[in-house]
Amino acid sequence: MLGRRKPFPHGILSIAVSFFSSFRSLSSSNPSLQNPNFHKRTTLNRNPRNISINKPIDSLTRPLRHTTVAPEFRYDSDSSSLEISQISEKFSSNVTSICSLLFGPIQQNRNLDNLLKDFKNKLNSDLVLEILMNYRQLGRFNTLEFFSWAGFQLGFSFDDSVIEYMADFLGRRKLFDDLKCLLRTVSLSKGRVSCRTVSICIRFLGRQGRVKEALCLFEEMESEFSCVPDNLVFNNILFVLCKKVTSGESIDVAFAIFQRIECPDVFSYSNILVGLCKCGRLESAVEVFYEMGTAGLVPTRTAVNILIGELCELRTKQDSIEKVKVKNFCRPFSILVPNVSTKSSIQPASEVFWAICKLGLLPSAFVITRLISELSRLRKIEKAVEILKVVEDRKLRCVDECYTVVIQALCEVRRIDEACELFGRMVSQGLKPKLVVYNSVICVLCKLGNVEGAEKYFELMNKKRCAPDNVTYTALIHAYCGTKNWEAAYGLLMEMLGFGWCPHFHTYNLVDSLVNRYGRVDLSRKLEGKLDTQLLQKYCKAGKLEAAYEKLSSMISKGFCPPIYTIDIFERAFQKYGKLKLARELLEKMDQVTQRSNSEA
Ligand SMILES: *[C@@H]1O[C@H](CO)[C@@H](O)[C@H](O)[C@H]1NC(C)=O
Ligand SMILES: *[C@@H]1O[C@H](CO)[C@@H](O)[C@H](O)[C@H]1NC(C)=O
Ligand SMILES: *[C@@H]1O[C@H](CO)[C@@H](O)[C@H](O)[C@H]1NC(C)=O
Ligand SMILES: *[C@@H]1O[C@H](CO)[C@@H](O)[C@H](O)[C@H]1NC(C)=O
């Protein structure tokens with residue numbers, strides 16, 4: 001593990017760096033090229049090398065051509081001009097020979113000029129690249145040493161692909177000083193720095209959060225390396241600037257760069273979109289979005305997600321709390337309500353959604369759910385339903401969640417027919433409504449006095465194996481009480497108590513007074529006994545011994561005898577706290593009372 005974290009032993013670094021210091025002396029001969037941002041040098045350890053060169057020390061890194069890169073960074077595939085198989089055949093013998101020479105026993109002061117003299121006039125870009133690509137076997141030291149040597153042989157007039165490979169190699173290892181030296185050396189020699197090379201540097205600098213340096217490199221590339229930025233460079237610098245945009249200042253810089261692009265492409269637009277969203281300039285973001293549409297371009301999905309997501313978010317952020325005076329009471333008072341009149345950005349959010357949809361793209365499930373929730377929350381339920389249809393048609397995995405949100409919203413405003421219709425559609429599609437959906441529908445039906453309707457959903461949920469909870473039961477109990485159906489209300493309350501759910505006091509009272517009104521004092525007593533038992537168990541489980549003791553005492557005095565199961569719980573709770581004796585005494589008293597009442601009976 002340790003070996004992997006420290007990517008290379010000191011020995012290799014020191015010698016590798018000493019080679020690059022020859023670049024440095026070359027480039028530093030021109031003081032105008034000095035870039036203040038590139039002078040944080042690593043302290044060099046000049047110990048002689050002391051490692052096993054055979055170890056694949058670079059196992060963590062991969063060469064450029066095998067990497068998957070973010071779409072913003074995707075290289076043109078046609079410009080990777082090398083066909084590996086071809087090269088391999090053409091050069092394999094030379095590559096193998098050079099590699100085995102480099103690989104051989106390491107001597108102090110090895111002289112590559114001597115070692116590789118047979119190959120000097122055979123050197124060319126393809127051969128060099130082939131050898132660089134063997135870096136895993138060669139190790140970092142040999143790779144860099146060979147590259148330096150070959151570079152000086154050829155005046156660094158390599159093909160772009162070689163320099164790009166090296167830039168990637170150094171970038172991955174965070175050798176940014178060496179990277180900069182490479183660019184200078186190449187441009188001061190007979191070589192050429194390509195846009196792609198600069199892009200690679202910018203990308204690695206950005207990845208390390210060295211945004212200033214990336215920007216510096218971008219600004220100076222033309223003057224220093226005579227390299228005019230192309231879209232790839234623009235897009236990479238925009239990506240770096242926009243990804244972690246924090247201040248208005250940095251987005252201004254990014255936007256200025258964006259405007260310099262003659263013909264911005266999908267990635268230029270998408271990057272700037274992301275940046276504008278991240279710093280809260282949503283109006284400009286929406287403008288850029290539509291401008292993009294005019295240019296016939298579709299933003300990346302990431303950009304779309306961020307744009308719609310932020311537009312929904314803005315709504316929530318802006319929601320202020322408003323004080324409202326209530327005057328039509330004898331003593332006026334104020335209540336706090338959300339200020340929903342706040343300028344909404346939900347409209348642009350759904351417009352952007354539909355524009356995107358027309359272009360054949362959809363935001364992520366997460367963002368769609370968010371949009372539907374936001375529309376539902378603002379009671380723009382028709383709009384939410386329209387989007388739900390898209391979700392349904394495309395069989396997105398958020399369809400469940402979206403149905404839930406919309407049905408709940410419809411229930412909240414008591415549009416029960418529409419809610420039931422959507423519910424039916426949901427079931428007919430093989431979806432399984434969750435408990436909250438059943439509860440929403442059942443509660444509204446109950447409140448509207450449609451007990452039969454509520455019963456149907458209650459039966460359905462049992463059939464579909466969706467277990468009801470205390471909310472379901474409470475809603476139905478209240479509805480039965482409303483229609484004076486005391487038997488059903490009593491039955492459900494007993495069932496609820498049987499599940500160990502304590503009803504709210506109000507619910508209990510409602511049923512109790514109803515059965516009393518119908519002369520069923522026996523049932524009232526049964527209810528009381530069951531509730532007491534339930535409470536007793538609750539206290540015992542919570543370790544509230546005093547409350548439990550009092551509860552049982554009062555039960556005894558009322559002539560209730562809890563079931564054996566509950567008595568066990570009671571005993572165990574007291575035993576746990578070393579008070580079994582106390583419990584036993586009370587239980588004995590209970591036995592005496594029950595025996596007495598039995599003999600009296
Ligand atoms: C080389 O490594 C060995 C074992 O890791 C160590 O004992 C020795 O001192 C090292 N030599 C130098 C010159 O660093
Ligand atoms: C390099 O490759 C060429 C072509 O395969 C071959 O003729 C030549 O002998 C090789 N050179 C060495 C030094 O191996
Ligand atoms: C509610 O928001 C609107 C729009 O932002 C604003 O004009 C109005 O003053 C706000 N009301 C209160 C009481 O804050
Ligand atoms: C249902 O139970 C939960 C937790 O047990 C409780 O917070 C809630 O108030 C109960 N609701 C009703 C309607 O009984």
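For clarity, every value in this text was computed on a predicted model and none was experimentally measured. When a residue number appears, it is its place in the shown sequence, counting from 1. First listed ligand is number 1; within each ligand, the first listed atom is number 1.
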*Output the list of atoms in ligand 4 that are nearer than 4.0 Å to some heavy atom of Thr474, sorted by atom number.*
12 (C), 13 (C), 14 (O)
*In the protein, what heavy atom is nearest to atom 9 (O) of ligand 4, and what distance, to one decimal place, separates them?*
His504 NE2, 3.0 Å
*Decide if the gap between the ring center of Phe255 and the ring center of Phe258 is smaller than 6.0 angstrom.*
yes
*Just going by heavy-atom distances, which of Thr507, Asn470, Val471, Thr472 is nearest to atom 8 (C) of ligand 4?*
Asn470
*Protein heavy atoms: any of them under 4.0 Å from atom 4 (C) of ligand 4?*
no
*Could you tell me whether a side-chain N or O of Asn305 sits under 3.5 Å from a main-chain N or O of Ser364, the two making a donor and an acceptor?*
yes
*When you check the gap from the basic side-chain N to the acidic O, do Arg525 and Asp512 get nearer than 4.0 Å?*
no
*Do Lys278 and Glu310 sit within salt-bridge range, that is, some charged N less than 4.0 Å from a carboxylate O?*
no
